[in-house]
Amino acid sequence: MEQENYAQRVYDVVKKIPSGKVMTYGQIALYLGNPKYARRVARAMSHAPAALRLPCHRVVNAGGGTAPGWPEQRTLLAGEGVAFKENGCVDIRKYIVKMEDLPPNMNE
DNA sequence: AAATTGACGGTTA
DNA sequence: GTAACCGCCAATT
């Protein structure tokens, strides 16, 4: 199970997401060099150990929809200052942040 | 080895 | 602007 190396990259990026901002799985996947690895990132998050303190609550899908089975994610984001639409989706248009805006990765 | 599922994305209708 | 379909990759059964 060495593939977790990829998940590690995801964790590293997610860890750098600033408060009050959000990122999409596709954006992270693209950053890792694979535009269609969105699902892989999602799966990695589901397996993401809480010990890593990953702010996975700042990670949402392309539609700004929060993770199913994890309703408190919205509460966490709300605590970060992120606004939500009536449909329960995050205003990614306003809170999305690019990895270019994140601190430099000194892993590669 | 094959089939099914899943914290998804993008395109077409 | 919303709804539905297909496509992608990996892990699990």
Side-chain angles (χ1 to χ4, degrees):
Chain A
M1 283 213 187
E2 262 58 45
Q3 298 82 343
E4 293 162 9
N5 187 307
Y6 194 98
Q8 185 55 61
R9 290 303 95 87
V10 180
Y11 302 149
D12 192 46
V13 175
V14 173
K15 243 188 292 188
K16 292 164 170 106
I17 301 179
S19 177
K21 292 287 183 183
V22 296
M23 276 191 88
T24 71
Y25 298 101
Q27 201 64 58
I28 297 167
L30 188 67
Y31 177 58
L32 297 175
N34 305 78
K36 295 131 157 134
Y37 273 43
R39 303 178 91 148
R40 206 171 191 283
V41 177
R43 202 172 261 285
M45 306 309 306
S46 68
H47 277 257
L52 299 176
R53 295 182 198 165
L54 299 177
C56 29
H57 62 267
R58 291 181 193 151
V59 183
V60 299
N61 59 12
T66 48
W70 193 20
E72 59 174 294
Q73 179 182 18
R74 286 162 45 181
T75 308
L76 291 164
L77 286 170
E80 300 276 306
V82 178
F84 280 82
K85 295 179 153 181
E86 279 308 303
N87 44 318
C89 294
V90 184
D91 194 345
I92 63 176
R93 288 275 327 191
K94 224 166 112 84
Y95 293 100
I96 262 297
V97 59
K98 311 152 116 171
M99 21 295 189
E100 311 291 301
D101 196 49
L102 292 173
N105 249 19
M106 49 181 182
N107 193 286
E108 284 190 288

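Convention: sequence-line order gives letters A, B, ...; per-chain numbering from 1. What you see below is based on every heavy atom in this structure, not just the backbone, and it leaves out hydrogens, waters and symmetry mates.
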Could you state the atom-to-atom distance from CG of A/Asn5 to C1' of C/dA11 in whole Å? 17 Å
Out of C/dA11, B/dG9, C/dG7, whichever nucleotide has its closest atom nearest the side chain of A/Arg39: C/dG7
Can you identify which nucleotide, out of B/dA7, C/dC9, B/dG9, has its nearest atom closest to the A/Asn61 side chain? B/dG9
Side-chain (A/Asn34) to main-chain (A/Lys36) donor-acceptor, under 3.5 angstrom: no
Find the distance A/Tyr25:OH to B/dG6:P and express it as a whole number of Å. 15 Å
Take atom CD of A/Gln8 and atom C1' of C/dA10, then tell me their distance rounded to the nearest Å. 17 Å
Just to be sure I understand the rule, does A/Ala38 reach a base, reach only the sugar-phosphate, or reach nothing, if contact means heavy atoms closer than 4.0 Å? sugar-phosphate
Rounded to the nearest Å, what distance is computed from the CZ atom of residue A/Arg40 to the C1' atom of nucleotide B/dG6? 14 Å
Separation of C/dC8 atom C1' from A/Leu30 atom CG, nearest Å, is 14 Å
Nearest-0.5 Å distance, CG of residue A/Leu32 to CD of residue A/Gln27: 11.0 Å
Rounded to the nearest Å, what distance is computed from the CG atom of residue A/Asn34 to the P atom of nucleotide C/dG7? 20 Å
Please report, rounded to the nearest Å, how far the P atom of C/dC9 is from the CZ atom of A/Arg43. 15 Å
On the 0 to 90° scale, with breaks at 30° and 60°, tag the A/Tyr6-A/Tyr37 ring pair as parallel, tilted or perpendicular. tilted
Ignoring hydrogens and angles, tell me if any N or O in the side chain of A/Gln73 forms a donor-acceptor pair with the backbone of A/Ala67 under 3.5 Å. yes
So, is A/Tyr37 near the phosphate of C/dA10, with a side-chain N or O under 4.0 Å from OP1 or OP2? yes
Between B/dC8 (P) and A/Lys36 (NZ): distance, integer Å: 18 Å
